[in-house]
Structures are given as C-alpha cells and as structure tokens.
Amino acid sequence: MAGQSPVKKIFSGSVWGIAAKVLDAVAKFVTIPLLVGYYGKADYGLIALAFSLNAYLRLMDLGMNIGSVRFFAMWESKSEYEKIAKSSRSSMVFYGLIGLANALIFVFMADFGREFFNISDEQAPTYKVMMYILAASTVFNWLSNVVIQLLSAKDELGYVNRVTVISSILNFLTALAAIQFKWALSVYFFFYTLSLLVVIPFYVHKLKVYPIGIRKLLWPKWDGKAFKTIMGYSMAIFAMGLFQFSAKELRPILLAKYASGIDVLTDYRVIQTIANLIMSFGSIFLQVLLPSASKAHAENDKQKMEKMVFEATRYISIFLTLVVFALILTADNLLILYMGEDYLSLSIWLIIWLLTVLLSMHNTPVASLVLSSGKTKALVYSAAIGCLISLPITAIFAEEMGVGAAVIGYLAYMLIQMGFFYFYYIPKVLKLNSIKIFFRAFMPSVLGAVIALGLAYFIGNSLHFLNPYVEILIKSAIFFLAFLGYHWAFVVKTSDIDYLRNNLLKKPETHAKE
C-alpha cells in the first residue's frame, strides 16, 4: 500500500488544521467586538457562559476520544476492520447515551442555573432559551465524535479541517446577519448552533475511505467485549481529563459565580479568543501526532519514537514562538483596535495567558507519545494536584482581580504539569532525555523570539508612529525578519530543509489502492 509518507500526512493535517483554526479565529476576532457592541457587554456574557458550560460538559467523553483514535489507528495499520466496526458501533451507543444525559443537564440548568450565576431578571428568559437550544443539539454533536475519530485514525484530518472551514464561514455570516437584521440574542445563538451541525454529513460521507460500509461503521449496536478494550484505556485518560478539563473550563464558570458581575465573562472571552488561536494549534498537533505515535508505539520502535518527539518539538516550537511573541509584541495595539481603549487593562493578562499556552503546547509531541503508551497514572496525579491548587486561586481572587484570577490560576496549573513532564515522565517513563528536549528543541526558538521581540520593540518605539495599524505592521515586520534571521543562522540546518523537502514535497512513487 502506497500513499503519503507519515511526515507528509502530519504536515498536511497540521497545515489544514491551522488554516481552519486561523479562519475560525479571524471570524471570532472580527465578530466579537461587533456582537459586544450590538448586544452589550453584559448580554454577551451569556454567550460566554453558555460556551463555558458546554465546553465543561465535554468531560463526559470519559477519555473515549483519545482512546478510540489510538485503537482505531492501531487496528487500521493492521487492517483489522472488523474490530474497528464493532467498536465504532458500540461507540455510537455510548455517545448517544452521553448526549441524552448532556441534554438533561442543560434542561436542568435552564430551570435552576439562574440561581447559581449572576444573571439578572431581564437576562433570565434569554438564558433559558439558550440552554434549551444546547439541549436539542448536544446528541448530534456527541455522535459526530465517532465519525471524526474514524477519520483521524485513517489520517484524514486534513479533510476534517477543510470541512470545518464551512462552519467558520457560516459562523461569521450568522453574526453579520444578527446585526444586520437585528436578531434577538436567542435567535443568533440558535443559528450559530445550527452552523456547527451542518458539516456533520460531510464527515459521514468521507467514511467511504474505509473498505467497509458506512452502515457497518455507524449503525448503533452494542458489543461489550469490543468496547471494553477502548474503555479500559480511556478511563485512565478520563481520570486525567477530569482534572484537566476542570482546571481549564471551570475558570469562567467560577468567574460567573464569584466575580462582581456576568460581564467579566466578556473580558474573559476577548482574551480567550486570542489565546485560543495558539491553544487550538496544540490540539491540532495532538490530533495529528497521536495516530503516528500510536503506530510507532505498536511497532515498539524506540529510535523512531525518540526522533519523532525531538524533531516535532523543535518544529512546533519554532512555529509557536513565532506566533506567541508576535502577539505579545502587539498586545496593546491589538486590544485597542480590537475592542477599544477600555480593554487595554487586559493586555498584561493576555500576555501571561499567551506565555502559559506556549509552555503547555510545546510539549504536545511528548504528550502524544505518553497517551499512546497508555502509562498515564502519574499524569492523573499531576492533573489532580494542579487542579486542586489552581481552581481555588481563581475562586478566591475572582472578585478582586476579575479575569486575572483565571489567568493566574491557569499559569499555576501549567507550571505544575510541566514540572511533572520534565522531571518525571520524560526521563523515568519514556526514558528520553528531558534536558535535550527542553534546551535543544524548545529553548533555542524561545531565545530567538526574545531577541527578535526586544529588537522590534526598541526600533518600533523609537519611530513614534501615529497610526496604530502602521505600528503593528512595522513592528511585526521587524520581529519576523529578526526571528527568521536568527533561526536561519543558529537553529534551522540545511539537513532540516532537505528532510522537510524530501518528506513533504516528494510525490509518492505509486498510487495503489488499498
């Protein structure tokens, strides 16, 4: 069987994923100030609350998403399609039940959530309708997970990410229509939710890449023995994910509970939209790397695993430091142009959040190998400790610091996670050189970014720009050139360019069908 090389598939999936996320981020980046201006800061906080509640309930996945991709990829590499079919049909039953439970929770929140959050009497009817909309859509969203898992295992994430572009465009058009036709907030939320569902048939259609029928893959039928294989592995992931999700997604919910008003969630949403661009890159890299890591682990190829982790960390770090430090350089002007001078105080929290995300996301290749190994016990402990320390920070300081409490809490969580990775998991469990990974794969790009940032900041401030758009453009250009020059001189080698050219640009020699 011939086709794209693993490196080329990783690159293709990453590029399309990044393109889709960039488009989605740009759509949100443009529409959020428009929606805040139209609906008001307090009412837009309801949207942020709905998103946060929906995101937190994703922990009901029980780790099945990662577990399914791992086993589907391993079985697909051995052409064990009967195992895939039995497990995917069982997953349809599992996710259907989870979707129903999720819907009941939203119905409950519609009736009683107002008493928990700082929601005014005027906002209560809109909040209730939004919860009912989420309840009606959640089953379809959960079931679509199985389809995406199957496509991920088949290295079709490039296609999945291309299709998500449709959703991003529809999201953008929905926001514009809401303002143009003066829709009520609940009407806008209904069409926004609908725009997320319309892409599901495209995913289902692509399942034809499998040599077995779509019905055999998706028709719900329980097989306890087949499902147990995935579930046993996934429960360890769930135990870890429970604390990870809580540390991440409970922060805005705690702000809604303990801060002075629901409008703080608008501040949170503003900087989250920018930071999420970087975080989404990390999730794309994990999605793309996990199947390759699972296959390398199944082959027990130590050299291949070590090379994948080091090289992937190096390339990902170059990309992430470029984006993160470019955003840090222009943070003040970005917030002023984005939301206005009233939001300039968020600059420091945006910068801290971006640096926190960089620390977390550069470790994605290691995380993919850890998850593929199944040895996740210590990660459960580290996630639990980080969660139990970080969430009280957010709750205690929410009223005094507002959105800053959530940012500092997240930083504390990530520092604890990084400590576990570099001082225990990498050297003790994976038997890899953590010093080499940190100082030779990650830090060279950070050093180059800091030098480029300082140079761009010094030169840019000495020129005294009158137009903030020109200032962003000139500073970014100086930063990019300095960053590129440093990496060309000290980081990227000729062998790297040859390796990427040979693996990414070389056409496969044959095109035999599976």
Side-chain angles (χ1 to χ4, degrees), residues 24-52 55 118 175 247-280 323-361 390-391 393-414 453 457 460-461 468-469 471-472 475-476 479:
D24 185 61
V26 169
K28 288 184 173 66
F29 194 83
V30 173
T31 58
I32 284 178
L34 296 176
L35 292 171
V36 172
Y38 179 66
Y39 290 114
K41 189 174 182 179
D43 280 353
Y44 186 82
L46 289 177
I47 298 178
L49 176 60
F51 288 157
S52 299
N118 294 319
K248 179 182 176 183
E249 302 298 347
L250 273 181
R251 291 178 299 144
I253 296 175
L254 290 174
L255 288 178
K257 172 65 176 176
Y258 294 106
S260 56
I262 198 75
D263 58 339
V264 71
L265 291 186
T266 299
D267 291 340
Y268 181 88
R269 182 70 174 165
V270 166
I271 61 174
Q272 182 194 41
T273 299
I274 301 172
N276 265 1
L277 175 62
I278 315 301
M279 295 176 71
S280 62
V323 178
V324 165
F325 280 88
L327 290 174
I328 289 174
L329 175 66
T330 58
D332 288 350
N333 287 330
L334 199 61
L335 286 169
I336 292 174
L337 294 173
Y338 184 28
M339 299 296 297
E341 292 191 1
D342 292 341
Y343 289 80
L344 186 57
S345 60
L346 298 179
S347 177
I348 182 63
W349 304 125
L350 173 60
I351 291 172
I352 294 174
W353 197 339
L354 289 171
L355 291 174
T356 303
V357 171
L358 174 62
L359 291 176
S360 170
M361 293 297 99
S390 65
L391 288 182
I393 292 175
T394 300
I396 292 170
F397 296 102
E399 185 172 2
E400 178 184 350
M401 298 176 63
V403 71
V407 176
I408 296 299
Y410 189 51
L411 174 61
Y413 174 80
M414 281 305 171
L453 176 72
Y457 185 82
N461 285 353
Y469 291 101
E471 182 175 353
I472 289 178
K475 282 185 175 181
S476 298
F479 172 81

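What you see is a predicted model, and the numbers here were worked out from it, not measured in a lab.
- With sequence neighbours left out, the side-chain contact (heavy atoms from CB on, under 4.5 Å) criterion links Ser260 to no other residue.
- Between the OG atom in Ser52 and the CG atom in Leu250 there is a gap of 9.5 Å [rounded to 0.5 Å].
- Using a 4.5 Å heavy-atom threshold, the side chains of Val324 and Val357 count as separate.
- Side-chain contact between Val403 and Val270: absent, with no pair of heavy atoms (C-beta onward) separated by less than 4.5 Å.
- Under the side chain to side chain donor-acceptor pair (under 3.5 Å) criterion, the residue pairs touching residues 264-275 are Lys41-Asp267, Arg251-Tyr268, Arg269-Gln272, with sequence neighbours excluded.
- The minimum heavy-atom distance linking Thr394 with Gly409 is given by the pair OG1-CA, 4.1 Å.
- For the pair Tyr410 and Ile393, the minimum side-chain heavy-atom distance is 4.5 Å or more.
- Leu265 and Pro252 make their closest contact through CD2-O, 3.2 Å (heavy atoms, listed as atom of the first residue, atom of the second, distance).
- Under the side chain to side chain donor-acceptor pair (under 3.5 Å) criterion, the residue pairs touching residues 42-51 are Asp43-Gln123, with sequence neighbours excluded.
- Between Ala405 and Met401, the shortest heavy-atom contact is N-CB, 3.8 Å.
- Rounded to the nearest 0.5 Å, atoms CD1 (Ile274) and CG (Leu327) are 7.0 Å apart.
- In this structure, the ring pair (Phe, Tyr, Trp, His ring centres under 6.0 Å) partners of Phe479, at least two apart in sequence or on a different chain, are Phe483.
- With sequence neighbours left out, Tyr39 forms a ring pair (Phe, Tyr, Trp, His ring centres under 6.0 Å) with no residue at all.
- For the atom pair CG (Leu49) and CD1 (Ile262), the distance works out to 5.0 Å, reported to the nearest 0.5 Å.
- Summarising the local packing, OH of Tyr457 is surrounded by 12 or fewer heavy atoms from other residues, nucleotides or ligands at distances under 6.0 Å.
- Scanning all heavy atoms of the two residues, the minimum distance from Ala175 to Thr31 falls at CB-CG2, 3.5 Å.
- When all heavy atoms of Leu329 and Ser476 are compared, the pair lying nearest together is CD2-N, 4.2 Å.
- Minimum interatomic distance between Leu354 and Ala275 (heavy atoms only, all atoms of both residues): CD2-CA, 4.0 Å.
- Looking at residues two or more places apart in sequence or on another chain, you find no side chain to side chain donor-acceptor pair (under 3.5 Å) involving Asp263.
- Proximity of a side-chain donor or acceptor of Ser360 to a complementary backbone N or O of Thr356 within less than 3.5 Å is not detected.
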Considering only distance and modelled atom types, tabulate donor-acceptor pairs under 3.5 Å from the side chains of residues 336-353, sequence neighbours left out.
from	atom 1	to	atom 2	distance (Å)
Ser347	OG	Asp332	OD1	2.4

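- Here Lys248 pairs with nothing under the salt bridge (charged side-chain N to carboxylate O under 4.0 Å, His left out) rule; sequence neighbours left out.
- Evaluation of the side chain to side chain donor-acceptor pair (under 3.5 Å) rule for Glu471 yields Asn333, Lys475 as partners, not counting sequence neighbours.
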